[in-house]
Amino acid sequence: MSAPKVDQIERARRGWGETMPPEIRALAEACKAESSRRVAKRIGYSDATVSFALANKYQNGDLPKLFARIRGALMGETVECPILGEITKDQCLDNQGKPFSTANPARARLYRACRRCPNRQQKDVA
């Protein structure tokens, strides 16, 4: 006998109360519509991170970055990329995290543009 399915919206409401950000509501609604594992994959995080975020227990993580990925992947927020044009915020974050490559000229242009782009959220690694 399987355990009853947890209502992710109620879980978020219990964790966040009246201060629930719109990103958490969007995350909870997406998890209710499909599996949290699938939603986690869409936003580029683990299922555990999604669970912690919904319960308001993601204290040691980069919440602004998580919210940016949610806004891009689940809420349709877009940014203007100097190379690709209009792209979703999560695609922008994906491009910021990719290493330099000479194998693809577009990838090399993106790498250089991402380094000085106003949309940049990635922290540079020394």
Side-chain angles (χ1 to χ4, degrees):
M1 189 168 175
S2 64
K5 185 168 174 129
V6 176
D7 182 342
Q8 301 293 9
I9 296 172
E10 182 56 33
R11 180 183 175 142
R13 192 173 291 123
R14 279 189 246 140
W16 290 87
E18 296 297 317
T19 63
M20 184 190 323
E23 293 88 352
I24 294 297
R25 174 164 292 287
L27 181 63
E29 289 172 353
C31 288
K32 186 173 181 178
E34 54 186 307
S35 75
S36 60
R37 181 169 290 153
R38 185 170 285 151
V39 173
K41 186 174 182 173
R42 280 177 59 194
I43 65 171
Y45 279 86
S46 70
D47 194 24
T49 298
V50 168
S51 179
F52 284 133
L54 289 174
N56 196 11
K57 295 184 179 182
Y58 189 59
Q59 269 62 26
N60 296 329
D62 187 347
L63 206 53
K65 184 176 174 187
L66 173 63
F67 281 7
R69 293 195 71 83
I70 291 169
R71 286 193 307 273
L74 304 179
M75 301 171 80
E77 181 180 308
T78 60
V79 295
E80 190 63 32
C81 173
I83 304 300
L84 301 174
E86 187 177 50
I87 58 173
T88 61
K89 184 66 176 177
D90 59 310
Q91 291 171 322
C92 176
L93 289 169
D94 286 344
N95 284 318
Q96 291 175 35
K98 290 182 180 175
F100 179 76
S101 172
T102 58
N104 182 330
R107 178 71 238 137
R109 286 194 329 269
L110 264 172
Y111 180 83
R112 283 190 292 276
C114 286
R115 309 293 287 173
R116 44 184 199 278
C117 183
N119 298 312
R120 184 168 181 77
Q121 277 192 304
Q122 297 286 340
K123 294 177 180 46
D124 290 329
V125 178

Measure the spacing between CD of E23 and CG of L63 and express it to the nearest 0.5 Å. 8.5 Å
Take atom CG in N60; do more than 12 heavy atoms of anything else shown fall under 6.0 Å from it? no
Say you draw a straight line from CZ of R14 to CE of M20; how long is it, rounded to the nearest 0.5 Å? 11.0 Å
Suppose the criterion is side-chain hydrogen bond (donor to acceptor under 3.5 Å, both in side chains): which pairs have a residue in residues 43-53, not counting sequence neighbours? R11-S51, S36-D47, S46-T49
Given the rule that I, L, V, M, F, W and Y join up when any side-chain heavy atoms are under 4.5 Å apart, are F52 and L54 in one cluster? yes
Would you kindly confirm whether L93 and L74 end up in one hydrophobic cluster when ILVMFWY residues are joined by side chain heavy atoms under 4.5 Å apart? no
Only counting residues at least two apart or in another chain, list the ones meeting ring pair (Phe, Tyr, Trp, His ring centres under 6.0 Å) with Y111. F100
Please step through side chain to side chain contact (heavy atoms under 4.5 Å, CB included) for the pair I24 and N56, ending with a clear verdict. CA-CA 9 Å; I24 294 297; N56 196 11; over 6 Å; no
To the nearest 0.5 Å, what is the distance between CZ on R69 and CZ on R42? 12.0 Å
Is the closest side-chain heavy-atom distance between Q8 and V39 below 4.5 Å? no
Here the pair of heavy atoms bringing C114 nearest to R120 is O-CD, 3.2 Å
Answer yes when R13 and E10 have at least one side-chain N-carboxylate O distance shorter than 4.0 Å, and no when they do not. yes
Nearest atoms (heavy-atom pairs only) where Q121 meets Q96: N-OE1, 2.7 Å
Heavy atoms only: give me the nearest T19-W16 pair and the separation to one decimal. OG1-O, 2.8 Å
Heavy-atom pair with the smallest gap, counting every atom of R116 and R112: NH1-O, 2.9 Å
Residues 82-92, side-chain donor-acceptor partners within the protein, below 3.5 Å, at least two apart:
unit_1, atom_1, unit_2, atom_2, d
E86, OE2, T78, OG1, 3.0
T88, OG1, D90, OD1, 2.6
T88, OG1, Q91, OE1, 3.1
K89, NZ, N119, O, 3.4
D90, OD1, A73, N, 3.2
Q91, OE1, T88, N, 2.9

Nearest atoms (heavy-atom pairs only) where A53 meets L66: CB-CD2, 3.7 Å
Within the side chain of R71, is there an N or O that forms a donor-acceptor pair under 3.5 Å with the backbone of E77? no
Find the distance between CE (M75) and CD1 (I70) and round it off to the nearest 0.5 Å. 8.5 Å
Which atom names give the shortest non-hydrogen contact between C31 and V50, and what distance separates them? SG-CG1, 3.6 Å
